[in-house]
Amino acid sequence: MILNKDINPEHSLYFIGSLIINELIRSDDKNSDFLEVYRGIRDNHPITMNIFTLSLDWLFLNGVVDIKKGKIEKCF
C-alpha cells in the first residue's frame, strides 16, 4: 500500500504523503487545520478521506507530523 506496483503511483500512501507535506510547507502556520489540508489537496488530486487519513497516519508514524485536536503540526 505504501509503494504498491499494482496500482497507480498517485494512489500510494507515499505519493499522497508528499502532497500533504507540500500543503503543509505552503502554509505559514506551524499548525494546519485537518480539513483545510484535505480540501487543499482534494482540489488538485481526487483522493478520498480514507486514503488521506491513512497517509496522514503514515506521516505521523514516521515522525513527520503530529496531530492534536484536529490540527496537523509540522515536525520539520
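Note that the structure is predicted; figures quoted are calculated from it, not measured.
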State the [atom1]-[atom2] distance between [X] and [Y], to the nearest 0.5 angstrom.
| X | Y | atom1 | atom2 | value |
| --- | --- | --- | --- | --- |
| K68 | N31 | NZ | CG | 8.5 Å |
| I51 | I41 | CD1 | CD1 | 12.5 Å |
| C75 | D66 | SG | CG | 5.0 Å |
| S55 | I47 | OG | CD1 | 6.5 Å |

*asked:* If we ignore hydrogens and angles and just use 3.5 Å, is the side chain of K30 paired with the main-chain N or O of K74 as donor and acceptor?
replied: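 Confirmed, K30 side chain pairs with K74 backbone.
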*Counting N and O atoms only, with roles assigned by atom type, does the side chain of Y38 sit under 3.5 Å from a partner on the main chain of T53, one being a donor and the other an acceptor?*
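Checking the backbone N and O of T53 against the side chain of Y38, no donor-acceptor pair under 3.5 Å is found.
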*In chain order, what residues pass the side-chain contact (heavy atoms from CB on, under 4.5 Å) check against S18, with sequence neighbours excluded?*
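Here the qualifying residues are F15.
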*Results of side-chain contact (heavy atoms from CB on, under 4.5 Å) for I21 - residues two or more places apart only*: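 Result, side-chain contact (heavy atoms from CB on, under 4.5 Å) vs I21: I25, L59, V64, F76.
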_L35/M49 under side-chain contact (heavy atoms from CB on, under 4.5 Å): CA gap, chis, key distance, verdict_ = CA-CA 9 Å; L35 289 175; M49 179 65 79; 3.8 Å; yes
_Trace of the side-chain contact (heavy atoms from CB on, under 4.5 Å) decision for F52 with V37_ = CA-CA 10 Å; F52 174 77; V37 174; 3.9 Å; yes
*Using a strict cut-off of less than 4.0 Å between a Lys/Arg side-chain nitrogen and an Asp/Glu carboxylate oxygen, indicate whether E36 and R39 qualify as a salt bridge.*
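Judged by the 4.0 Å cut-off on N to carboxylate O distance, E36 and R39 do not form a salt bridge.
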*Decide yes or no on side-chain contact (heavy atoms from CB on, under 4.5 Å) for I67 and E73, but give the supporting numbers first.*
CA-CA 6 Å; I67 304 164; E73 181 180 341; over 6 Å; no
